[in-house]
J.: 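Attaching a single structure in structure tokens format; questions to follow.
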Amino acid sequence: QVQLVESGGGWVQPGGSLRLSCAASGSIFSINAMGWYRQAPGKQRDLVALITSGGDTNYGDSVQGRFIVSRDNAKNMVSLTMDSLKPEDTAVYYCYAEVFTGRLDMVPGDYWGQGSQVTVSS
């Protein structure tokens, strides 16, 4: 079993900054991609940012240049630094990890955090 525990988030005024962190624990052999998705009320869950174990990143178009994803492979942690926040960034943010739980696993499993509310408003 793998658990992803998120911290951070909250309320901020437009133009402000927030940071989210996520720690993975449990039966982990290795982790491929880690990152963040978000879901606003009435909308689908969308990619925010992903980072591979090698440090390659992929960002959603709407956050490119404003958000930075980082990762500590030794601690199985991923963070998201969000700058120049806009009201349209308001959503529940979910940590994601693609995890091999055993050496013989052929396909990694998808694991999600509990979700963290980020609200951007004046």
Side-chain angles (χ1 to χ4, degrees):
Q1 191 72 308
V2 175
Q3 298 83 38
L4 301 182
V5 178
E6 303 173 19
S7 60
W11 173 84
V12 67
Q13 291 185 335
S17 300
L18 283 175
R19 180 180 173 89
L20 297 173
S21 294
C22 173
S25 63
S27 300
I28 298 171
F29 177 73
S30 66
I31 303 177
N32 280 355
M34 294 187 81
W36 300 89
Y37 287 74
R38 69 186 182 187
Q39 188 168 19
K43 296 188 176 181
Q44 67 181 19
R45 189 172 296 189
D46 290 329
L47 170 70
V48 177
L50 289 175
I51 183 168
T52 69
S53 57
D56 293 327
T57 58
N58 182 27
Y59 292 93
D61 290 342
S62 62
V63 307
Q64 187 80 36
R66 299 187 298 121
F67 291 10
I68 297 176
V69 63
S70 59
R71 177 171 172 172
D72 185 330
N73 289 330
K75 295 181 179 180
N76 290 330
M77 292 187 66
V78 63
S79 296
L80 183 70
T81 301
M82 303 180 286
D83 294 324
S84 302
L85 281 160
K86 305 174 181 180
E88 50 264 43
D89 294 317
T90 296
V92 177
Y93 284 68
Y94 294 92
C95 178
Y96 166 80
E98 195 176 54
V99 181
F100 288 97
T101 58
R103 181 174 59 87
L104 299 179
D105 284 358
M106 299 299 291
V107 178
D110 294 331
Y111 294 89
W112 297 90
Q114 77 276 16
S116 296
Q117 178 68 46
V118 170
T119 302
V120 185
S121 71
S122 54

J.: Walk me through whether Ile68 and Leu80 qualify under side-chain contact (heavy atoms from CB on, under 4.5 Å).
T.: CA-CA 6 Å; Ile68 297 176; Leu80 183 70; over 6 Å; no

J.: Are any non-hydrogen side-chain atoms of Glu98 and Leu50 less than 4.5 angstrom apart?
T.: no

J.: Using every non-hydrogen atom in the two residues, find where Ala24 and Met34 come nearest and quote the distance to one decimal.
T.: CB-CE, 4.3 Å

J.: Of Tyr94, Tyr59, Trp112, Tyr93, which is the lone residue that meets ring-ring contact (aromatic ring centres under 6.0 Å, His included) with Tyr37?
T.: Trp112

J.: Tell me whether Tyr111 shares a hydrophobic cluster with Trp36, the cluster being built from Ile, Leu, Val, Met, Phe, Trp, Tyr side chains joined at under 4.5 Å.
T.: yes

J.: What's the shortest heavy-atom distance between Ser62 and Arg38, and which atoms?
T.: OG-NH2, 3.0 Å

J.: Which is it for Asp61 and Gln64 under the side-chain contact (heavy atoms from CB on, under 4.5 Å) test, yes or no, and what are the steps along the way?
T.: CA-CA 5 Å; Asp61 290 342; Gln64 187 80 36; 5.7 Å; no

J.: Judged by atom type as modelled, is there a donor-acceptor pair below 3.5 Å linking the side chain of Asp72 to the main-chain atoms of Met77?
T.: no

J.: For Asn32 and Thr52, run side-chain contact (heavy atoms from CB on, under 4.5 Å): C-alpha distance rounded to whole Å, both residues' side-chain angles, the deciding distance at 0.1 Å, then the answer.
T.: CA-CA 6 Å; Asn32 280 355; Thr52 69; over 6 Å; no

J.: So, does Arg66 use its side chain to make a donor-acceptor pair with the main chain of Ser84 at under 3.5 Å?
T.: yes

J.: Of all heavy-atom pairs between Ala91 and Gln39, which one has the smallest distance, and what is that distance?
T.: CB-O, 3.5 Å

J.: Do Thr101 and Phe29 have side-chain heavy atoms sitting under 4.5 Å apart?
T.: no

J.: Linking I/L/V/M/F/W/Y whenever any side-chain heavy atoms sit under 4.5 Å apart, do Val92 and Leu47 land together?
T.: yes

J.: Is there a side-chain contact between Thr119 and Val12, using heavy atoms and a 4.5 Å cut-off?
T.: no

J.: Looking at every heavy atom in both Ala97 and Ile31, which two are closest together, and how far apart are they?
T.: CB-CG2, 4.2 Å

J.: Step by step, work out the side-chain contact (heavy atoms from CB on, under 4.5 Å) result for Tyr96 and Asp110.
T.: CA-CA 7 Å; Tyr96 166 80; Asp110 294 331; 2.7 Å; yes

J.: Side chains of Ser17 and Thr81: does their closest heavy-atom pair fall under 4.5 Å?
T.: no

J.: Evaluate whether atom CD of Glu88 has more than 12 neighbouring non-hydrogen atoms of other residues, nucleotides or ligands under 6.0 angstrom away.
T.: yes

J.: Are Met82 and Leu20 close enough that some pair of their side-chain heavy atoms sits under 4.5 Å apart?
T.: yes

J.: Can you give me the closest heavy-atom contact between Gln114 and Val5, atom names plus distance?
T.: OE1-CA, 4.0 Å

J.: Show your working on side chain to side chain donor-acceptor pair (under 3.5 Å) between Arg71 and Ser79 and close with a plain yes or no.
T.: CA-CA 6 Å; Arg71 177 171 172 172; Ser79 296; over 6 Å; no

J.: Are the side chains of Val69 and Val78 in contact, using a 4.5 Å heavy-atom criterion?
T.: yes

J.: Decide yes or no for Gln117 and Thr90: does some side-chain heavy atom of the first lie under 4.5 Å from some side-chain heavy atom of the second?
T.: yes

J.: Output the distance between atom CD1 (Ile51) and atom CG (Asn58), rounded to the nearest 0.5 Å.
T.: 11.0 Å

J.: Got a donor-acceptor contact below 3.5 angstrom from the Glu6 side chain to the Gly115 backbone?
T.: yes

J.: Looking at every heavy atom in both Cys22 and Leu4, which two are closest together, and how far apart are they?
T.: SG-CB, 3.9 Å

J.: Heavy atoms, side chains only, cut-off 4.5 Å: are Ser21 and Ser7 in contact?
T.: yes

